[in-house]
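One structure below.
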2 protein chains.
Amino acid sequence: MTKSETCPEFGRINEVLARVGDRWSVLLVISLARHGVSRFNELKHRLGISQRMLSVTLKALERDGLVLRTHYPVIPPKVEYALSEMGLSFHAAVDALGYWAVDNLEAIDAARAQYDSGRTEEQAD
Amino acid sequence: MTKSETCPEFGRINEVLARVGDRWSVLLVISLARHGVSRFNELKHRLGISQRMLSVTLKALERDGLVLRTHYPVIPPKVEYALSEMGLSFHAAVDALGYWAVDNLEAIDAARAQYDSGRTEEQAD
DNA sequence: CTGTATCCGAGTTGATACTG
DNA sequence: CAGTATCAACTCGGATACAG
């Protein structure tokens, strides 16, 4: 684990965020919050995620207690995924970040444009 | 960019979050918020980050307008980094996530322990 | 349908060395 | 002190094939 002991100051927080803050986890949580209980292939399609990553991410999220898995012993198999209470609270925090992103999209683009134009002048050789 | 078009449902937001939501960016913003204006090596030590990643992340953050860079033309060189207004607002959102992580550390550990113990029983062959 | 196992290319990160 | 360049190691994600 290269990331477990980044620095004493952040320690576990960083670890948790690293685990639960990756791209697919976040997307999965948002998607589950929006669409409610969903099935495997449903999520797969909705997110455009590979089976492998969906399986891996879902399992990690389940292990961390953010996602609830319900397996119906029928044929063909049927499994439903839903957010737990903790998953819901996590979504709230993530959503805040999402809103921030929306609110600051323009500002970021502007900052980038300005930064890039500044650099362009310099490399005008 | 492999991540730009994850899925039509999330688009740009996902892109921004991917850019600004990575491990080092988050840590850097938190650290700058806590300790205020900081210098390069100061951050390097504080976070236990490599020169390369610090340089890369700082530059990206500066380009996105989250971090302000002040370069003093003295010898030896002195450069100070600080959060911009946008960086501050980003920190607010990120902090919420940090608090969530702190608040749910125990619950996550518990969930993991339970999940793992459940699996241990099963593989008792 | 819901997964798991394997292979493999691509992107990321860190160590090291060097510059201003 | 504050970076940048380069290279090797590692991780991640996707495709594929197979299993329950």
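Below, chain A is the first sequence line, B the second, and so on; all start at residue 1.
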State which residue, out of A/V67, A/D64, A/L66, fulfils the side chain to side chain contact (heavy atoms under 4.5 Å, CB included) condition with A/F90.
A/L66

So which one's nearest nucleotide on DNA chain D is more toward 5', B/E42 or A/P77?
B/E42

Which nucleotide in the list D/dG13, C/dT4, D/dG3 gets nearest to the side chain of A/S55?
C/dT4

The side chain of B/Q51 lies closest to which of these nucleotides: C/dT13, D/dT4, C/dC1?
D/dT4

Rounded distance (Å) that lies between atom [atom2] of [N] and atom [atom1] of [X]:
{"X": "B/R19", "N": "C/dT12", "atom1": "CZ", "atom2": "P", "result": "11 Å"}
{"X": "A/M53", "N": "C/dG3", "atom1": "CE", "atom2": "C1'", "result": "15 Å"}
{"X": "A/R52", "N": "D/dC12", "atom1": "CZ", "atom2": "C1'", "result": "7 Å"}
{"X": "A/L58", "N": "C/dC1", "atom1": "CG", "atom2": "P", "result": "16 Å"}
{"X": "A/L54", "N": "C/dT4", "atom1": "CG", "atom2": "P", "result": "10 Å"}
{"X": "A/Y81", "N": "C/dC1", "atom1": "OH", "atom2": "P", "result": "14 Å"}
{"X": "A/L43", "N": "C/dG3", "atom1": "CG", "atom2": "C1'", "result": "14 Å"}
{"X": "A/I75", "N": "C/dG3", "atom1": "CD1", "atom2": "C1'", "result": "15 Å"}

With a 4.0 Å limit, can you tell me whether B/R39 has a side-chain N or O closer than that to the phosphate oxygens OP1/OP2 of D/dA2?
yes

Assign A/K59 to base, sugar-phosphate, or nothing according to its heavy-atom contacts below 4.0 angstrom with the strands shown.
sugar-phosphate

For the pair B/S38 (side chain) and B/G36 (backbone), establish whether a donor and an acceptor sit closer than 3.5 Å, ignoring hydrogens and angles.
yes

Check the surroundings of atom CD in B/Q114: do more than 12 heavy atoms from other residues, nucleotides or ligands lie under 6.0 Å from it?
no

At what angle, to 10 degrees, do the two end axes of the helix from C/dC1-D/dG20 to C/dG20-D/dC1 meet, given five pairs define each axis?
40°

Where B/L97 and A/V94 come nearest, the two heavy atoms and their spacing:
CD1-N, 3.8 Å

Please give me the minimum heavy-atom distance between B/Y81 and B/L32, naming the atom from each residue.
O-CD2, 3.5 Å

Using heavy atoms to find the nearest nucleotide of DNA chain C for A/P76 and A/V56 separately, return the residue whose nucleotide is more 5′.
A/P76

Of the options A/H45, A/R46, A/R39, which is the one that meets A/E42 in a side chain to side chain donor-acceptor pair (under 3.5 Å)?
A/R46

State, yes or no, whether a side-chain contact exists between A/R19 and A/D22 at a heavy-atom distance under 4.5 Å.
yes

